Amino acid sequence: MKSLFPDSGAILLLGGRSEIGLETVARLGRNRTIVLAQRLRPSEVDGPEFLRTQGVENVHTLNWDAFNSDDLRSVYREAERLAGGPISTV
């Protein structure tokens, strides 16, 4: 059984291009691993770059389409793999 603490562990942001979401994880995640689940396509919002300018050093991205809700388990497993440990905050 995992023991999850809201002030430690990795953060998974579903909708990794959301400006509100990015601002939130920038405040929560300076010393944590962040995984951005997003559609991998060109966008005006560069989440990893924004987070790095806010002092977040460990940022990963993975491809996720919100319209495919059947895929959430595999997205969570992939996020844990990228983070190298449990996701404590989604």
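Computed from a predicted model, the values in this text were never measured in an experiment.
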Between [X] (side chain) and [Y] (backbone), is there a donor-acceptor pair under 3.5 Å?
{"X": "R32", "Y": "G9", "result": "yes"}
{"X": "Y76", "Y": "I87", "result": "yes"}
{"X": "R17", "Y": "Q38", "result": "no"}

Worksheet item: How many angstroms lie between atom CD of Q54 and atom CZ of R27, to the nearest 0.5 angstrom?
Response: 8.5 Å
Fill in: Distance (rounded to the nearest 0.5 Å) between R39 CZ and L62 CG
14.0 Å
Worksheet item: How far apart are the closest heavy atoms of L72 and W64, and which atoms are they?
Response: CD2-NE1, 3.6 Å
Item to complete: With sequence neighbours excluded, tell me which residues meet side-chain hydrogen bond (donor to acceptor under 3.5 Å, both in side chains) with T24.
Response: none
Item to complete: State which residues pass side-chain hydrogen bond (donor to acceptor under 3.5 Å, both in side chains) with T61; sequence neighbours excluded, sorted by chain then number.
Response: none
Checking [X] now: which residues fulfil side chain to side chain contact (heavy atoms under 4.5 Å, CB included) with it, not counting sequence neighbours?
{"X": "S74", "answer": "D71, R77"}
{"X": "E19", "answer": "V45"}
{"X": "E57", "answer": "none"}

Item to complete: Among D46, V59, N58, find the residue that satisfies the side-chain contact (heavy atoms from CB on, under 4.5 Å) test when tested with R52.
Response: V59
Fill in: Among V75, L36, V35, the one residue meeting side-chain contact (heavy atoms from CB on, under 4.5 Å) with L14
V75
Worksheet item: In chain order, what residues pass the salt bridge (Lys or Arg N to Asp or Glu O under 4.0 Å) check against R81, with sequence neighbours excluded?
Response: E78
Fill in: Side-chain heavy-atom pair V56, V25 within 4.5 angstrom cut-off
no
Item to complete: Compare all side-chain heavy atoms of T33 with those of L82 and state whether any distance is below 4.5 angstrom.
Response: no
Practice prompt. Give a yes or no on whether N63 atom CG has more than 12 heavy-atom contacts from other residues, nucleotides or ligands under 6.0 Å away.
Written response: yes
